Amino acid sequence: MSNRGEFEEVGALAGQGPIAARPLIILGAAASAGLVAASALPLIGAERRWLRPLGLLLSDGLRSAGSAAGRAAKRELASLPLTGEAAATSVERIVGEAVAS
């Protein structure tokens, strides 16, 4: 059994330099640096005109999706036969299992 092929591959990557060997890490670092720089600079009027409608659209969509999810969760919880006694039994069982572990 020889690991020669693996060593040759590692040697080839090492010969490419740190940037070529890890392109996704470099891309992520560059994107992070760009986000930090963009957040530090003030918005110009044109950016506000272009981005405001998009921000309003996204916030409205998220708000309606959140309220729809809340309504769906309330319907699901209302359909379950939950009582105080059943909840207490469930909590006791979970705590008992955690203590026994």
Side-chain angles (χ1 to χ4, degrees):
M1 246 168 104
S2 173
N3 292 333
R4 183 173 180 177
E6 292 178 31
F7 290 124
E8 289 175 356
E9 183 178 325
V10 170
L13 286 176
Q16 293 177 357
I19 293 175
R22 296 173 184 86
L24 293 178
I25 293 174
I26 301 301
L27 178 65
S32 298
L35 287 172
V36 168
S39 68
L41 298 174
L43 290 177
I44 60 173
E47 288 176 324
R48 288 189 184 163
R49 284 193 309 270
W50 297 334
L51 295 177
R52 180 174 292 277
L54 178 62
L56 293 174
L57 179 68
L58 288 175
S59 65
D60 288 343
L62 288 173
R63 191 176 303 117
S64 65
S67 66
R71 287 191 306 269
K74 285 179 184 177
R75 277 195 310 269
E76 285 294 318
L77 287 174
S79 69
L80 294 175
L82 295 178
T83 63
E85 185 178 317
T89 305
S90 295
V91 169
E92 287 175 7
R93 181 180 50 82
I94 291 170
V95 170
E97 289 175 4
V99 171
S101 298

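Computed from a prediction, not measured in an experiment: that's the story for all the values here.
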Could you list the donor-acceptor pairs under 3.5 angstrom formed by side chains in residues 23-34, with sequence neighbours left out?
unit_1 : atom_1 : unit_2 : atom_2 : d
Ser32  : OG     : Gly28  : O      : 2.9

Listing request: all salt bridge (charged side-chain N to carboxylate O under 4.0 Å, His left out) pairs with a residue in residues 86-96, at least two apart in sequence or in separate chains.
Arg93-Glu97

With Arg48, which residues qualify under salt bridge (Lys or Arg N to Asp or Glu O under 4.0 Å), at least two apart?
none

Which pairs count as salt bridge (charged side-chain N to carboxylate O under 4.0 Å, His left out) when at least one residue sits in residues 27-39, sequence neighbours excluded?
none

Give every donor-acceptor pair under 3.5 Å between a side-chain atom in residues 35-42 and any protein atom, sequence neighbours left out.
unit_1 : atom_1 : unit_2 : atom_2 : d
Ser39  : OG     : Leu35  : O      : 3.3
Ser39  : OG     : Val36  : O      : 2.9

N/O donor-acceptor pairs under 3.5 Å from side chains in residues 65-72, not counting sequence neighbours:
unit_1 : atom_1 : unit_2 : atom_2 : d
Ser67  : OG     : Arg63  : O      : 3.4
Ser67  : OG     : Ser64  : O      : 3.0
Ser67  : OG     : Arg71  : NH1    : 3.4

What residues form a side-chain contact (heavy atoms from CB on, under 4.5 Å) with Val95, not counting sequence neighbours?
Val91, Val99

By salt bridge (Lys or Arg N to Asp or Glu O under 4.0 Å), which residues pair with Arg75, not counting sequence neighbours?
none

